[in-house]
Amino acid sequence: MRAFRRFTVRPVLPEPLGALAALAGNLRWSWHPPTQDVFSSIDAELWRQVKGDPVRFLGAVGRERLDELVEDGDFRARLSAAHGDLQRYLTEDRWYARKAGDDAPRAIAYFSSEFGITSVLPQYSGGLGILAGDHLKASSDLGIPLVGVGLFYRHGYFKQALDRDGWQQESYPVLDPDELPLTVLREADGSRATVSIALPDGPDLVARILVAHVGRVPLLLLDTDVEENSAHYRDVTDRLYGGNSEHRLRQELLLGVGGVRALRVWSRITGAPAPEVFHANEGHAGFLGIERIRELTVDEAGPHVDFDTALEVTRAGTVFTTHTPVPAGIDRFPRELVSQYFGGNSPTPGVPVDRILALGAEDYDGGEAGVFNMAVMGFRLAQRANGVSELHGHVSRGMFNGLWPAFDEAEVPITSITNGVHGPTWIAREVIELAASRGGDIDGDDTDALWPLVDQISDREIWDLKRTLRTRFVDDARDRMRRSATKRGYAAAETTWIDSALDPDVLTIGFARRVPTYKRLTLMLRDPARLKKLLIDPERPIQLVIAGKAHPADETGKRLIQEMVRFADDPEVRHRIAFLPNYDIAMAQPLYPGCDVWLNNPLRPYEACGTSGMKAALNGGLNLSILDGWWDEWYDGNNGWAIPSADGIEDPDRRDDLEANALYDLLEGEVVPRFYETNDEGVPPRWLEMVRHTLKSLGPKVLATRQVRDYVRELYAPAAHTARTLNSDYVGARTLSGWKHDVRAAWPGVRVEHVDSEGVGDQAVVGATLAVRAWVALGSLSADDVEVQVVHGRIGSDDVLTATSATPMLVGESYDGNRHRFDAAVPLAVSGPFGYTVRVVPRNESLASVAELGLVAEPA
Ligand SMILES: *Cc1c(COP(=O)(O)O)cnc(C)c1O
C-alpha cells in the first residue's frame with residue numbers, strides 16, 4: 001500500500017536532555033569525535049545501526065532509555081560538558097577576530113552548487129562539493145564570518161550499486177528534510193520564509209530556505225518542493241547535475257538570483273550583517289552577480305545607479321574560483337535559452353538582456369557564437385579570480401587568455417590558491433589522539449606546530465597505528481563487499497571468500513574518485529598480467545581498493561567501471577582487488593587512513609587540484625601520482641613518487657602505455673620493496689622515513705585552514721577593501737565606471753612614440769644600470785591615468801620575453817600636445833640574454849590588475 005502522505009514525527013526529548021538536540025542540530029558533531037561519543041554512549045548498537053546519524057538516532061532511542069539517562073548523573077555531566085564545549089566553540093574569538101585585520105570583510109557569502117559536509121547530508125557528487133564542505137568547516141574553525149548558499153536536492157546525487165555484470169545501477173532515494181540536520185527558516189510570525197524568482201512560462205518559482213549549521217557557519221539551502229509550486233516546479237531542485245540544459249539553467253537561476261534573495265531574508269530575520277564579499281565556487285552560481293546588479297539599478301530599495309556603476313560595485317565584491325581545465329567541463333548554455341529567460345518574464349526584471357548576454361558571450365578568438373559561458377560570465381562579474389593549484393592557475397590563464405588578448409598568459413588576472421582539506425574531518429581519530437598524546441592540538445591556531453611532533457613518535461608506534469587503521473578499513477570493506485555481492489544476486493554460500501578478502505598486513509593501495517575519462521580509472525589494467533603478478537605475489541603482494549561513481553549519463557565511465565569490476569571478479573585475484581560501490585564520505589573516512597599508498601593517474605593537466613591524495617598524506621599514506629594538480633606543486637622527491645607523464649605524446653594509446661609501464665615499474669622497483677623491507681623489529685625503516693617526511697612536508701600545506709587563510713588574505717580582504725571604497729556612497733563606483741569609459745575612448749590616442757636607453761654599451765655586465773627613456777603621447781588622458789612601464793626579462797631566440805618584471809617609469813619632462821618623457825633605471829641583476837620593452841597600461845587604485853581593462857599601448 002502506498003502512503004497518501006508522509007511526514008516525520010520528531011522526538012520530544014525530556015527537558016534535562018535538551019542539549020542533545022543542540023548537539024545533533026549542529027554539524028560540528030561530524031568532525032568532533034567527543035560529541036559522537038556522547039551519542040554512542042547512549043546506545044552503541046543503535047548508533048552503529050543509524051550509521052552515526054544523530055538526528056535519526058534521537059528519533060530511534062526509546063523513551064525508556066531517555067528516562068534512564070535523565071537519572072544518570074554521569075551521563076548528564078558528560079552531556080553538559082559537550083554542550084558547553086560546543087557553546088564555547090561557537091562564540092569564542094578565533095583566528096579571524098585576532099589576526100584577519102581591519103580590512104577583513106564583516107561577512108562573506110559562499111555560493112556552491114554542491115556541499116559535501118557529511119554522508120548524512122548527501123548533497124554532493126565529488127571533489128567540488130567536498131571542497132565546499134571543507135571550506136565551510138575550516139572557516140568555522142577559524143571564525144571566518146562565512147554564510148554558505150546552495151540548493152537542497154531532494155534526491156541528492158545518486159546511490160551507486162552494481163548489477164551482476166558489473167554495470168552501474170543508480171537509485172535516487174527521497175531525502176526528507178525533516179529527517180536531516182536541517183531547520184526551516186521562519187519569519188517572526190512563524191510562517192515559512194521563502195524567496196521567489198520569475199520564470200518565462202508561468203507563475204513565480206518559490207523556494208523555502210533550509211538551514212544547516214556547520215559549526216559557526218550557516219548554510220542556506222533553497223528547496224522548491226513546496227505547496228506553492230506546481231508539480232514540475234517542485235522538481236527544479238530534484239537532483240544534482242540531472243536533467244537537460246533548461247533544467248540546469250533553472251537550478252542555476254535559483255542558486256544565483258534566489259541565493260542572493262535568501263541572504264537578504266536571512267539578514268532581515270537574524271540581523272546578520274550583509275555580505276561584503278560574494279564568492280562563486282565555480283560558474284554555476286554566476287547569476288548572483290546579475291541579481292546584485294538588479295538590486296543596485298532597479299530595486300525600489302536600491303541606490304538606482306546606472307548599469308556600469310552597478311557592474312563595478314558587483315565586480316569589486318565578487319571572487320570567482322574556476323575548477324576545471326577540461327573544456328567539456330565548463331558550464332555553457334545555448335545563448336537562445338538564456339535570452340528567452342532574461343528577455344521575457346525575467347528573474348531579474350529591469351536588467352537589460354543584451355547586457356546579460358554580453359557577459360557570457362564567447363566573443364574572442366576561438367569562441368562559439370551561440371553559447372553562453374558561465375565561466376566567462378564569472379570572470380567578467382568578478383574582479384578577482386583564481387584557479388585551485390599553481391599548475392591549474394597557469395592552465396586557466398592560458399585557457400581564458402582570449403578574454404585579455406593584449407596580455408601574455410602570465411599577466412592574465414587569474415591567480416591560484418591551492419585547495420586543502422579539513423583536518424578534523426579527514427585525519428583519523430587515532431592519528432589525532434596520538435598527536436594529542438605528545439601535546440598536539442588540531443583545533444589550535446598553530447597547526448604548523450603539529451607536524452614536528454612526528455619525530456617524538458617511534459617507528460613501532462607509527463607502524464602499529466597504520467596496522468590498526470588498515471584493519472579497521474579492511475573490516476569496513478568486507479562489509480561493503482558482502483552487501484554488494486548480495487545486491488548483485490550472489491547467494492551467501494558464494495560469498496564466504498569475502499571473510500578473508502583483503503589482508504590487514506598487505507601493502508594497500510587506494511584509488512577512489514569520480515570516473516570522468518581523464519582520471520583514467522583503468523590505467524592500471526593496461527597490462528593485466530603484470531598487475532595480476534603484483535597482486536598475487538606469494539611474498540610481497542599488493543592489494544588494491546577502487547571506488548568511484550560515473551555520471552549517470554556517462555556510458556564510457558560506466559564501461560570503465562564494468563571493466564574494473566570484471567577484473568576484480570576473477571577468483572584468482574578477487575581477495576586482493578575490490579571495487580567498492582557508492583563512494584561517499586562515509587566510505588572515504590576509513591579508506592584514506594587504511595591505505596599505505598594513494599594512487600592518482602589523471603591525464604596531465606586535467607586534474608585541477610585533486611584532494612584525495614592530501615587526505616591520504618595526512619594519515620601517513622604515500623602518494624604515487626602523475627605530476628598534476630597539487631602533486632605537481634608539492635612533490636619534493638622524498639614524500640612519495642611521481643609517475644612520469646608522457647604529456648607531449650599525441651597518440652593517446654601510446655601515452656597510456658608509457659604511463660602505465662612507468663606505474664608498474666615504480667610499484668615493482670620502489671614501492672613494494674620499500675614497504676616489505678623490514679628490520680629486526682619487523683618495521684620497514686625506509687618506508688617510515690617517507691611517512692614521516694610526508695607528514696612533515698605536506699601536513700602544514702594541505703590543510704583547509706591554510707587554504708581559507710589564503711583566501712582571506714589574498715582575495716576576501718582586498719575585495720572587501722575595494723568594495724568599500726566603491727559602494728560607501730557609490731561616488732567611487734560612478735567615478736570608476738566613468739573613468740573606464742573615458743580611458744577606453746581615449747586609448748587610441750595613447751602612443752609610445754620613441755624609446756631609447758643608455759648606461760650599457762655593448763658591454764652589459766651584472767650590476768650595471770640601464771637608463772630607459774620613453775616619449776609617450778597620452779591623447780586626452782593625464783599622466784595619472786596611466787602607468788608607463790619598462791617590461792624586462794629573459795629573452796629567447798624568438799625575441800620573446802619571459803619571466804618578465806615591470807618597472808614603473810616616472811614623468812621626466814612634458815611637451816606640447818600632452819606628450820611626456822618617462823624615465824626609469826633598471827638594474828641588471830642576472831647574467832644572460834636580456835631584453836626589454838616599454839608599455840603603457842591604465843592605472844587606477846581600484847583596479848586589481850594591470851590587465852583588467854585589457855588595454856595596453858606598446859612601441860609601434
Ligand atoms: C576527497 C573526495 C573526493 C575528491 O577527490 P579528488 O582527489 O579531488 O578527485 C571525492 N569524493 C569523496 C567522497 C571524497 O572524500
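Whatever order the structure lists them in is the order used to number ligands and atoms, beginning at 1.
- Here salt bridge (charged side-chain N to carboxylate O under 4.0 Å, His left out) pairs that include residues 613-635, with residues two or more places apart or in two chains, are Arg604-Asp632.
- The cationic group of Arg239 lies under 6.0 Å from the six-membered ring centre of Tyr172 and within 45° of the ring axis, placing it in a cation-pi geometry.
- For the pair Arg28 and Tyr89, the distance from NZ or CZ to the six-membered ring centre is under 6.0 Å and the angle to the ring normal is within 45 degrees.
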Less than 3.5 Å apart, N/O on ligand 1 and N/O on the protein: could you list those pairs with the distances?
unit_1   : atom_1 : unit_2 : atom_2 : d
ligand 1 : 7 (O)  : Thr611 : N      : 3.2
ligand 1 : 7 (O)  : Ser612 : N      : 2.9
ligand 1 : 7 (O)  : Ser612 : OG     : 2.5
ligand 1 : 8 (O)  : Thr611 : N      : 3.0
ligand 1 : 8 (O)  : Thr611 : OG1    : 3.3
ligand 1 : 9 (O)  : Lys519 : NZ     : 2.8
ligand 1 : 15 (O) : Tyr592 : OH     : 3.2
ligand 1 : 15 (O) : Lys615 : NZ     : 2.6

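- Side chains of His32 and Thr35: a donor-acceptor N/O pair is present below 3.5 angstrom, by distance only.
- The only member of Asn623, Leu622, Leu663, Leu667 that meets side chain to side chain contact (heavy atoms under 4.5 Å, CB included) when paired with Trp641 is Leu622.
- Nearest heavy atom pair, residue Ala642 against residue Tyr635, reads CB-CE2, 3.5 Å.
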